[in-house]
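Note: hydrogens, waters and symmetry copies are ignored here, and every other heavy atom, side chains too, is used. Residue numbers run from 1 in the order of the sequence given. On a predicted model such as this, the values are computed, not experimentally measured, just so you know.
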Amino acid sequence: QVQLVESGGGLVQTGGSLRLSCVASVRTFSRYAVGWFRQAPGKEREFVAAISGSGIRTYYADFVKGRFTISRDNAKNTAYLQMNSLKPEDTAIYYCAADLTIGNTGKYDYWGQGTQVTVSS
């Protein structure tokens, strides 16, 4: 069982930055890929970014390339999502997820409770 807790969300103006954190309660965190997803009101959940267990491989949705960076610190059991140049359309609840297999679909076994990101215009 892997428990995930996100933090770092909040209210920011257009063009601002936030860094989301995802802390995992598992001894073998480096075995798990981590994905970030988001869900805006009235919309389906969508993939944002993912990182392999080692941190070597990363994947991004086209709409965040060049603005968001995913990273991890396995010694701290933590994954991060650095979000720069935020836009109002980035407003959503952001979830981190973990699975033994990296992917850009929602097929992750473990999910956090989400953290709200609101970007004002």
Side-chain angles (χ1 to χ4, degrees):
Q1 189 74 9
V2 179
Q3 293 185 325
L4 304 171
V5 179
E6 303 98 332
S7 62
L11 174 63
V12 64
Q13 292 184 333
T14 297
S17 299
L18 285 174
R19 187 176 81 157
L20 305 183
S21 299
C22 173
V23 179
S25 61
V26 62
R27 288 187 178 183
T28 55
F29 182 58
S30 62
R31 295 181 58 199
Y32 291 86
V34 173
W36 285 95
F37 295 79
R38 70 186 188 184
Q39 187 167 20
K43 296 186 177 180
E44 294 187 351
R45 183 177 61 196
E46 61 182 354
F47 169 76
V48 176
I51 187 167
S52 63
S54 65
I56 293 176
R57 289 181 294 155
T58 58
Y59 302 94
Y60 294 93
D62 287 342
F63 56 80
V64 301
K65 284 182 179 177
R67 299 190 299 125
F68 292 9
T69 302
I70 190 170
S71 62
R72 65 190 296 157
D73 183 341
N74 287 340
K76 296 182 178 180
N77 274 23
T78 303
Y80 304 96
L81 185 67
Q82 177 67 44
M83 305 186 296
N84 299 326
S85 302
L86 283 163
K87 305 174 182 179
E89 52 263 44
D90 293 319
T91 295
I93 298 174
Y94 283 71
Y95 300 90
C96 71
D99 196 87
L100 293 175
T101 303
I102 193 170
N104 62 356
T105 69
K107 295 180 180 179
Y108 281 70
D109 283 340
Y110 307 101
W111 292 82
Q113 82 289 348
T115 186
Q116 176 71 48
V117 171
T118 303
V119 184
S120 63
S121 58

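Between the side chain of Glu6 and the main chain of Gln113, a donor-acceptor pair closer than 3.5 Å is present. The main-chain N or O of Phe63 is found under 3.5 Å from a side-chain atom of Arg67 such that the two form a donor-acceptor pair. Within the 3.5 Å criterion, the main-chain N or O of Lys76 finds a donor-acceptor partner in the side chain of Thr78. Between the side chain of Asn77 and the main chain of Ser25, no donor-acceptor pair closer than 3.5 Å is present. Although no hydrogens or angles enter the test, the distance criterion places a donor-acceptor pair under 3.5 Å between the side chain of Thr115 and the main chain of Gly9.
Here the CG-OG distance, from Asn84 to Ser17, works out to 3.5 Å after rounding to the nearest 0.5 Å. Atom CD of residue Glu46 and atom CG of residue Asn104 lie 12.0 Å apart, to the nearest 0.5 angstrom. If you take CZ on Arg19 and CG on Leu81, they are separated by 10.5 Å, rounding to the nearest 0.5 Å.
Phe47 and Tyr60 have their aromatic ring centers separated by at least 6.0 angstrom.
Cation-pi contact between Arg72 and Phe29: present, with separation from the ring centre below 6.0 Å and deviation from the ring axis of at most 45°. Taking the ring centre of Trp36 as origin, the terminal cationic atom of Arg45 falls outside the region bounded by 6.0 Å and 45° from the ring axis.
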Next item on the list: Before giving the answer on side-chain hydrogen bond (donor to acceptor under 3.5 Å, both in side chains), spell out for Tyr94 and Arg38 the whole-Å C-alpha distance, their side-chain angles and the decisive distance to 0.1 Å.
Entry: CA-CA 4 Å; Tyr94 283 71; Arg38 70 186 188 184; 2.9 Å; yes
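With salt bridges taken as basic N to acidic carboxylate O contacts below 4.0 Å, one links Lys65 and Asp62.
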